[in-house]
Amino acid sequence: MSDIRDEQDNRYDFRATEAKWQERWESSELFTVRDDDSRPPYYGLDMFPYPSGAGISVGHCRNYVPLDVACRFKVMQGYNVLHPMGWDAFGQPAENEAIKRGRNPKEMVPEYAANYKRQLKLVGISYDWSREVNSSTPEYYRWTQWMFLLLHKRGLAYRANTPINWCPSCKTGLANEEVVNGRCWRCNSLVEKRPMPQWFFKITAYADRLISGLEDIQWPEGIKALQSNWIGRSEGAEVDFKVAGTDDTLTVFTTRPDTLWGATFMVVAPEHPLVDAIASEAQRAEVQQYRERAQRSTEMERQSADRTKTGVFTGGYAINPVNDELIPIWVADYVLMGYGTGAIMAVPAHDQRDFEFARKYHISIVLVYQTSDDQTADALNEALPAGGAMALGPFTGAPNDKSTVGKVIAWLEERGQGKGLINYRIRDWLISRQRYWGAPIPIIHCPEHGAVPVPEADLPVVLPDVDKYQPTGTGESPLAGIPEFVNTICPVCGAAAKRETDTMGGFACSSWYFLRFADPHNTEAPFSSEAVNRWLPVDLYVGGAEHAVMHLLYARFWTKVLHDAGYLNFDEPFQRLRNQGMLLAWTAGRKVVADETEGDDEEAASDEPLEDWKVLKPEEKLTVPEDERIYRWVKMSKSLYNVITPDEMAEKYGADSLRLYGLFVAPFEDTVQWSDKGIEGASKFVNRVWRLWNELRTYFVPDWRTVVSQDGLVLPDSDRALRRKLHQTIRKVGDDLENFRFNTCIAALMELTNEVSLYRNAIGTSTPELGSLAVLSELVELLPLIIAPITPHMSDEMWERLGKSGFTFRESFPSYDDATAAEESVTIVVQVNGKVRDRIVVSPGTTQEEVERLALACEKVARELEGGKTLRKVIPVPGKLINLVIS
RNA sequence: GCCCGGGUGGUGAAAUGGCAGACACAAGGGUCUUAAAAACCCUGGCUUUCGAGCAUGCGGGUUCGAGUCCCGCCCCGGGCACCA
């Protein structure tokens, strides 16, 4: 490029340089990955995004850039690195946006994707675009449907008519994982319960393996805990209670069968099927009323734990199997139909919820465990969940612990009154959506044969073009209104039949896309096992922690199913996971006006974090004066009108500076507050490196290696020090990049730069010796390589100016020499009673005796010893410190 | 209520149980310049009687030595929330 030929101009022309190299990377297909490559494979993956209209913000660079740096580093270390990108284009986020803009998602998504792609290239991300996938294309969703059929074949997809989570605003059912605090994860509306026939994936069948599989993957402990808690394994027993005067049996799940002797009543959920049978004539009306009231209240109201418990006596009694006592059966909404059996035995003495209920309704309380002989149930102020010894029944004297629980379960099993059982909190994954923009569920409903899977050969079931794709709200998908789509024939008998009109939720597409990248153009299968087994599991997966119990759980489930079906030789998809921190922006807002109701602005609602604060919309910025504005740090998001784009930053400071700033500002996992000052600092550093390097390049001698490796080469102290720093930096940068410590990595590069600058100042206008020239040349040649993963554009430009051909991406990351990096002297801290009194500088091999002698010889130490104090003890820390204990 | 994170200068942050504040930003001073910008150099936790003392949310403890480990609190962020 002609405008960077002026070598006297020491200002770095990042615009021209970055454009030049991005073009060259593209035209040389630098980032295209081949399967037939002898280097060891490495798979680095970002969670694929849905491309929204606003494009990416600098916030997105918090994950794309660090992974890019890690991948570029891996390439330079000699790996064949798969680093792909694609579009999670199906699902509510894309569809909601299309509706809002009055666009057809089919046309809109590719436009948005193209913009994302342009931006990602602008930031210099090294994706292999030849493997780009779009989950909303028939070439892709054909195989998502294939996955559905596989699950169906294996008994893991079923249709059931149970009350499901319904979002009235999105007009569709939602999976449990998509309901956050009783609200829709996309639009924040309150979720209702609606009974309707829906398709589910049987993720509960894999609950145990989804917990145990967490053990040997390198994920943040917090995410593992989140998943584990979500799955919620709890060990206990099912116990059968006879309903007095009937043939019915009420089965309960309990984790504390050992407290059966203290069960003084039972509670069933309002929706429990036996309620009618249990209720006595006298109580029936009251029970019925209570059930209706419970049905009307929202999930949120019902599940708020601080609400005082309510309930109604059914008039019926159960027989406690361990002592044949009659105990009353109540109906109360603190018992949930969705967990266990929807019925509990209540042990008020040892369960706080039952305790509160018993006290409120004056039900008797019986102590099973006593912490002392004179302890009475009447004296309790709260339940005793732990401690004490059993005070009644055949296990009298047994401790209040797991071993007793086990013994009681065995005892119940022997007597045929119950059995040990493990219960899970996780529910099956509801996959049906009554929406247009998703992969049609490949099922045909035949009056004769029921729900028949579409034969594999007939895939894909193509999503038809429609005029109206808005959700209907009737519980039917818009597809139901298209006779050409709906009417078909049964694959089994050929009779007239109807297609399933629900589509799959977006999380179906993202549950296997990481497999498709290994073999993205396969038209015969979703992937070849050979390709997938070569590249996967993903070595390094980067994305947001908000997917802990959604995508990350579903993807693990599908991987296990595919493994069990023999398609994969691994059953955990992501070996190592890293979650980037959020990016916050300083955002103008105002107080909420009294009559403003929640959810009036659908889009903003999902991201607004504070209830007493409303973001200023662009049009309000003119009307709300500065002194009425309230500024807050909130997540950078287009719905909060506080987005800074990589485009504007790349234009002003350059992609390399933007990359460097995001990496340097804080540890990768930390939340960051965006600052323009910060990126200015990063840009200053990039320019400083550029300038220094260009000055020093005039000393470059290409054969420096022979000089540096000469036997008996004696360099002046300053040269040895510079070389030592260089090799120490190579070591540190390599270590830090390996461990995602980008901020300290860049700090090390800054330290090196500072040292080089001082060295340069010291040279002044004098001509360096041959040895010094070699040391400088080593630096001039290696620096572009060391910094290349972070500032790839500048590095390639430097590389070319050194007379090298090709790209730093194709070079090896420099190795360091231990001997050269070793310190020539060490500073030993001299402490007296743990307080620093002095420092002594010794050579690394100095004996401990010598260090001690030198320490005692320090004037400041001598002063401490005055007044008859004597040395009691010497604590040496070799190479670091010596602590003299005196008194 | 339960489960995870986190609290260190004016700010972002460093620190295998061993010199607290690396590296930066902002600030102040200087060099260069007619001037400014840029660049380069220097200073900087607080207090001080210039010996030193005090400092990593608070209070205890372990240790020769604690930002780091243990116990008890407080505050902030996130997740779950009547799960029997």
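Worth knowing before you read on, the calculation uses all heavy atoms, side chains too, and leaves out hydrogens, waters and symmetry mates. Protein chains get the first letters and strands the later ones, always in sequence-line order, with residue 1 at the start of each.
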Counting only pairs under 3.5 Å, give me each side-chain donor-acceptor contact of residues 659-669 of chain A, with atom names and distances, residues two or more places apart or in other chains.
residue, atom, partner, partner atom, Å
A/R659, NE, A/I790, O, 2.9
A/R659, NH1, A/D68, OD2, 2.9
A/R659, NH1, A/V123, O, 3.1
A/R659, NH1, A/G124, O, 3.2
A/R659, NH2, A/D68, OD2, 2.7
A/R659, NH2, A/P789, O, 2.9
A/Y661, OH, A/S675, N, 3.2
A/E669, OE2, A/R578, NH1, 2.6

Contacting residues from residues 417-424 of chain A, given that a heavy atom lies under 4.0 angstrom of RNA chain B: none
With sequence neighbours excluded, residues passing side chain to side chain contact (heavy atoms under 4.5 Å, CB included) with A/K684: none
Which residues share a salt bridge (Lys or Arg N to Asp or Glu O under 4.0 Å) with A/E215, sequence neighbours left out: none
Residue pairs involving residues 728-745 of chain A (criterion salt bridge (charged side-chain N to carboxylate O under 4.0 Å, His left out); sequence neighbours excluded): A/K74-A/E738, A/K732-A/D736, A/D736-A/R741
N or O in side chain of A/N743 less than 4.0 angstrom from B/A14 OP1/OP2: yes
Got a list of side-chain donor-acceptor pairs under 3.5 Å for residues 872-881 of chain A, not counting sequence neighbours?
residue, atom, partner, partner atom, Å
A/R872, NE, A/S887, OG, 2.8
A/R872, NH2, A/T870, OG1, 3.4

Is there any protein nitrogen or oxygen under 3.5 Å from a nitrogen or oxygen in nucleotides 40-48 of chain B, and what are the pairs?
residue, atom, partner, partner atom, Å
B/C40, OP1, A/R688, NH1, 2.8
B/C41, OP1, A/S757, OG, 3.4

Presence of A/K835 side-chain N/O under 4.0 Å of B/C54 phosphate oxygens OP1/OP2: yes
Sugar-phosphate, base or nothing in reach of A/G681, heavy atoms under 4.0 Å: sugar-phosphate
Contact letters for nucleotides 4-11 of chain B, in which S counts primed atoms plus P, OP1 and OP2 and B counts the base, heavy atoms under 4.0 Å: S-------
Gap between atoms CD1 and P, on A/I790 and B/C23 respectively (whole Å): 17 Å
Side chain to side chain contact (heavy atoms under 4.5 Å, CB included) partners of A/N63, counting only residues at least two apart: A/D46, A/V542, A/Q580
Could you pull out every donor-acceptor pair under 3.5 Å between side chains of residues 259-266 of chain A and any protein atom, sequence neighbours left out?
residue, atom, partner, partner atom, Å
A/T259, OG1, A/R256, O, 2.7
A/T264, OG1, A/S364, O, 2.8

Between the protein and nucleotides 26-31 of chain B, which nitrogen or oxygen pairs are less than 3.5 angstrom apart?
none

Pairing stems for RNA chain B [at least three consecutive pairs; Watson-Crick or G-U; under 3.5 angstrom]: B:1-7 with B:74-80, B:10-12 with B:23-25, B:27-31 with B:39-43, B:45-47 with B:52-54, B:57-61 with B:69-73
Any donor-acceptor N/O pair under 3.5 Å between B/C82 base and A/K309 side chain: yes
